Amino acid sequence: MSLSPNVTYIIKIINAGDYAVGKTSLAVRYTQNRFSSSYLPTLGVDFYSKNIQYDEDTILRIVLFDTVGQDKLATLRKRYYTGAHGAVIVYDITRKESFDHISNWINEVEEKCPEIPIIIVGNKTDLEEERSVEIKEAIEKWEEKGYMVLESSAKFGEGVDDIYTIIAKKVMEKMGY
Ligand code: G3D
Ligand code: MG
């Protein structure tokens, strides 16, 4: 009996969504397990990565492309969508407007990357008293269109690992792995 060598696959995931919904905070929480309240706005794109054991002999290197939300930087942002295997579209559960913009983000991502798995994430669940989008509403609107909806708190780490584990799993399944 021989041990099979570990294989590492690189998976490119893009974080998209409106300004200040918590895209950078989620990337930092997932890859460095910390939260800071003072990130500089991302100019264009930043990268974060983390290796996870996918199964006995497969390691995934999750590379998160953290993009900027502003319209004026759309051209720059879209360039980095090329070659993405999966996308996480983030909204802020306290800002209804960021939820209403999800379809724009999906269009932008799908225009560049048709057919990639996309997960929608309502962030900032720790601000429950300021919530303006119910999870039920989000699920009713998006799950019937085929998009999974999750919630998270980048601040406290709740639900964050699940986002990237699930999107990675969807990507691997899509590849027929
Ligand atoms: P962005 O990358 O989408 O633009 P950031 O968003 O990650 O820069 O976060 C924007 C603001 O939301 C930051 O606050 C950040 O601390 C806050 N934030 C991010 N995630 C959470 C969360 O889960 N809970 C709470 N309560 N706040 C969060 P500031 O004050 O710097 O604007
Ligand atoms: Mg950011």
Side-chain angles (χ1 to χ4, degrees), residues 11-50 62-113 116-139 141-142 147-168:
I11 292 192
K12 172 174 174 175
I13 304 293
I14 46 186
N15 272 352
D18 276 13
Y19 184 71
V21 293
K23 299 179 295 296
T24 302
S25 301
L26 284 169
V28 170
R29 167 61 74 190
Y30 181 62
T31 57
Q32 300 168 17
N33 197 26
R34 65 184 178 88
F35 179 79
S36 152
S37 53
S38 56
Y39 297 119
L40 300 173
T42 317
L43 178 65
V45 173
D46 207 345
F47 310 84
Y48 297 85
S49 87
K50 173 169 165 168
I62 311 287
V63 183
L64 296 183
F65 280 58
D66 175 34
T67 63
V68 72
Q70 287 109 310
D71 282 347
K72 64 182 174 190
L73 292 168
T75 309
L76 181 61
R77 182 176 61 234
K78 282 192 238 177
R79 230 178 270 158
Y80 288 89
Y81 289 174
T82 310
H85 299 101
V88 173
I89 296 185
V90 186
Y91 67 96
D92 175 344
I93 65 155
T94 72
R95 267 167 53 220
K96 181 78 166 57
E97 181 192 62
S98 68
F99 178 74
D100 294 336
H101 293 157
I102 289 173
S103 54
N104 303 345
W105 288 107
I106 289 181
N107 290 342
E108 187 175 293
V109 168
E110 290 185 340
E111 183 192 317
K112 277 282 186 174
C113 316
I116 63 168
I118 294 176
I119 287 186
I120 294 167
V121 174
N123 187 43
K124 309 197 188 182
T125 51
D126 55 286
L127 300 177
E128 187 57 43
E129 65 284 2
E130 294 168 45
R131 180 189 280 275
S132 62
V133 182
E134 297 301 327
I135 180 70
K136 190 165 173 283
E137 178 187 354
I139 288 173
K141 175 157 186 196
W142 289 106
Y147 301 95
M148 182 184 268
V149 179
L150 298 172
E151 285 193 338
S152 66
S153 166
K155 186 167 188 174
F156 294 106
E158 281 166 13
V160 178
D161 280 357
D162 283 351
I163 299 167
Y164 298 100
T165 307
I166 291 171
I167 191 83

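These numbers come from a predicted model, not from an experiment. The analysis underlying the following values was restricted to heavy atoms, covering all of them including side chains, and did not include hydrogens, waters or symmetry mates. In listed order, ligands and their atoms are each counted from 1. For reference, positions follow the sequence shown, starting with 1.
For T125, no nitrogen or oxygen atom sits less than 3.5 Å from a nitrogen or oxygen atom of ligand 1, counting backbone and side chain alike. For ligand 1, the polar-atom distance check finds no N/O of F35 at less than 3.5 Å from any of the ligand's N/O atoms. Among the atoms of Y19, none of the N or O lies under 3.5 angstrom from an N or O of ligand 1. Looking at K124 next to ligand 1, an N or O pair under 3.5 Å apart turns up. Here's the thing with L127: none of its N/O atoms is less than 3.5 angstrom from an N/O atom of ligand 1.
Taking CG of D162 as the reference point, atom CE of M148 lies at 9.5 Å (rounded to 0.5 Å). Distance OH/Y147 to CD1/I120: 7.0 Å, rounded to 0.5 Å. Atoms CD1 and CD1, from I62 and I11 in turn, are 5.0 Å apart once rounded to the nearest 0.5 Å.
Counting atoms of ligand 1 from 1 in the listed order, those under 4.0 Å from a heavy atom of S153 are 23 (O). Every atom of ligand 1 is numbered from 1 in the order shown, and the set under 4.0 Å from a heavy atom of A154 is 20 (N), 22 (C), 23 (O).
Under 3.5 Å, the side chains of D126 and S153 contain a donor-acceptor pair of N or O atoms. Between the side chains of Y80 and D66, no donor-acceptor pair is found at a separation under 3.5 Å. One side chain, E108 or Y81, offers a donor N or O that lies under 3.5 Å from an acceptor on the other.
Of all non-hydrogen atoms in N123 and S152, the two that sit nearest each other are OD1-OG, 2.9 Å.
Which of A27, S25, A20, G17 comes nearest to atom 19 (C) of ligand 1 through a heavy atom is settled by distance: it is S25.
Contact annotation for T24 and ligand 1: heavy atoms of both the backbone and the side chain come within less than 4.0 Å of the ligand. In N123, the part holding a heavy atom less than 4.0 Å from any atom of ligand 1 is the side chain.
Backbone or side-chain N, O or S atoms of S25 do not reach the Mg ion (ligand 2) at under 2.8 Å.
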Determine all donor-acceptor pairs shorter than 3.5 Å in which one atom belongs to a side chain in residues 85-92; sequence neighbours excluded.
residue : atom : partner : partner atom : Å
H85     : ND1  : K12     : N            : 2.9
D92     : OD1  : T94     : N            : 2.8
D92     : OD1  : T94     : OG1          : 2.8
D92     : OD2  : T94     : OG1          : 3.3
D92     : OD2  : K124    : NZ           : 3.1

